[in-house]
Engineer: 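Pasting in a structure now, in structure tokens, and then I'll have a few things to ask.
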Amino acid sequence: QVQLVESGGGLVQAGGSLRLSCAASGRTFSSYAMGWFRQAPGKEREFVSAISRIGGSTYYADSVKGRFAISRDNVKNTLYLQMNSLKPGDTAVYYCAARDSDYGVRALHGYGYWGQGTQVTVSS
């Protein structure tokens with residue numbers, strides 16, 4: 001089992017940057033592929049980015065490709081999401097999540113562990 005706590009959200013102007021962190025505790029962090037998802041008001045939770053267990057593979061939604069970068073530090077047990085060139089459409093609650101497999105990382109199902117979320121608001 002793993003516990004996840006996100007941080008780093010906030011209010012930023014369009015074009016600005018934020019770095020989200022997700023601190024993991026419990027079972028060995030490197031045992032899990034990790035993902036970032038987001039949910040805007042009135043919308044379904046959607047995939048943003050994911051990274052394989054040892055960080056060799058990364059995945060991005062088309063809407064964030066080239067602007068966001070996912071990384072992980074398996075020594076510090078922390079997942080990161082560097083978000084640049086933010087747009088008002090990026091406004092959402094961002095969640096980190098963990099899954100046992102490196103396969104199917106874009107899908108919500110299969111992620112057995114979720115953080116509580118951190119709010120990101122991008123003003124125009």
Side-chain angles (χ1 to χ4, degrees):
Q1 207 170 13
V2 63
Q3 293 78 42
L4 304 172
V5 179
E6 302 96 335
S7 62
L11 173 64
V12 64
Q13 288 188 332
S17 298
L18 282 175
R19 188 194 198 200
L20 305 184
S21 297
C22 173
S25 60
R27 187 179 153 195
T28 305
F29 181 60
S30 58
S31 299
Y32 298 97
M34 300 296 297
W36 287 101
F37 293 80
R38 67 187 182 187
Q39 188 166 18
K43 295 188 177 181
E44 294 185 349
R45 193 170 298 188
E46 64 175 4
F47 170 77
V48 174
S49 183
I51 188 167
S52 60
R53 285 173 287 183
I54 60 171
S57 297
T58 57
Y59 309 85
Y60 297 94
D62 288 343
S63 59
V64 307
K65 199 173 295 182
R67 300 188 297 122
F68 290 11
I70 191 171
S71 60
R72 66 188 298 163
D73 186 329
N74 286 347
V75 174
K76 294 182 177 180
N77 294 341
T78 304
L79 174 73
Y80 303 100
L81 185 68
Q82 178 67 43
M83 305 187 296
N84 300 324
S85 302
L86 283 161
K87 305 174 181 179
D90 296 318
T91 295
V93 177
Y94 283 71
Y95 299 90
C96 68
R99 60 185 294 142
D100 292 327
S101 172
D102 284 343
Y103 297 99
V105 294
R106 295 177 182 269
L108 269 73
H109 65 80
Y111 283 91
Y113 306 98
W114 292 82
Q116 84 289 349
T118 185
Q119 176 71 47
V120 171
T121 303
V122 184
S123 63
S124 57

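Side chains included, hydrogens not; waters and symmetry mates left out as well; all remaining heavy atoms used. For clarity, every value in this text was computed on a predicted model and none was experimentally measured.
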Engineer: Between atom OG of Ser52 and atom CZ of Arg99, what is the distance when rounded to the nearest 0.5 Å?
Structural biologist: 12.0 Å

Engineer: Report yes if the side chains of Arg53 and Ser30 come closer than 4.5 Å at any heavy-atom pair, otherwise no.
Structural biologist: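 They are not in contact (no side-chain heavy atoms under 4.5 Å apart), so the answer is no.
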
Engineer: Roughly how far apart are Ser21 OG and Gln82 CD, rounded to 0.5 Å?
Structural biologist: 9.5 Å

Engineer: Just wondering, do Ile70 and Tyr60 contact through their side chains at under 4.5 Å, heavy atoms?
Structural biologist: yes

Engineer: Is Thr121 reaching over with its side chain to a backbone N or O of Thr91, donor-acceptor style, under 3.5 angstrom?
Structural biologist: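 Pair absent, no side-chain N/O of Thr121 close to backbone of Thr91.
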
Engineer: Can you name the nearest heavy-atom pair linking Arg38 to Ala92, along with the distance?
Structural biologist: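 Minimum heavy-atom contact is CB-CB, 3.8 Å.
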
Engineer: For the residue pair Glu6 and Gly117, what are the closest heavy atoms and their distance?
Structural biologist: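 Scanning both residues, the minimum pair turns out to be OE1-N, 2.9 Å.
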
Engineer: So does Gln13 have more than 12 non-hydrogen atoms from other groups sitting under 6.0 Å from CD?
Structural biologist: no

Engineer: Measuring from Met34:CE to Asn74:CG, what's the distance to the nearest 0.5 Å?
Structural biologist: 9.5 Å

Engineer: Do the non-hydrogen side-chain atoms of Tyr111 and Val105 ever get within less than 4.5 Å of each other?
Structural biologist: yes

Engineer: Classify the ring geometry of Trp114 against Phe37: parallel below 30°, tilted from 30° to 60°, perpendicular beyond 60°.
Structural biologist: tilted

Engineer: What are the two closest heavy atoms between Ser71 and Leu79, and how far apart are they?
Structural biologist: O-CD1, 3.3 Å

Engineer: State plainly whether one hydrophobic cluster holds both Tyr113 and Val48, where clusters connect Ile, Leu, Val, Met, Phe, Trp and Tyr through side-chain heavy atoms under 4.5 angstrom apart.
Structural biologist: yes

Engineer: Using a 4.5 Å cut-off on heavy atoms from C-beta on, say whether the side chain of Ser57 contacts that of Asp102.
Structural biologist: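 Counting from C-beta outward, Asp102 and Ser57 never come under 4.5 Å.
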
Engineer: Please report the shortest heavy-atom distance between Leu4 and Val2, naming the atom on each side.
Structural biologist: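 It is CD2-CG2, 4.0 Å.
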
Engineer: Any sub-3.5 Å donor-acceptor pair from Arg67's side-chain atoms to Ser85's backbone N or O?
Structural biologist: yes

Engineer: Could you pull out all residues at least two apart from Lys65 that satisfy salt bridge (charged side-chain N to carboxylate O under 4.0 Å, His left out)?
Structural biologist: Asp62

Engineer: Provide the closest heavy-atom pair for Gly9 versus Thr118 in the form atom of the first, atom of the second, distance.
Structural biologist: N-OG1, 3.2 Å

Engineer: Only one of Tyr95, Tyr80, Trp36 passes side chain to side chain contact (heavy atoms under 4.5 Å, CB included) with Leu20; say which it is.
Structural biologist: Trp36

Engineer: Quick one: sort the Phe68 and Tyr94 rings into parallel, tilted or perpendicular, breaks at 30° and 60°.
Structural biologist: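 Tilted.
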
Engineer: Quick check on Leu11: does its CG atom have over 12 non-hydrogen neighbours (other residues, nucleotides or ligands) under 6.0 Å away?
Structural biologist: yes

Engineer: Nearest heavy-atom pair of Ala23 and Thr78: which atoms, and what distance?
Structural biologist: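 Distance-wise, the nearest heavy atoms are CA-OG1, 4.4 Å.
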
Engineer: Measure the shortest side-chain to side-chain distance between Met83 and Asp90 over non-hydrogen atoms and say whether it is less than 4.5 angstrom.
Structural biologist: no

Engineer: Before we go on, tell me: are the rings of Phe47 and Tyr59 under 6.0 Å apart, centre to centre?
Structural biologist: no

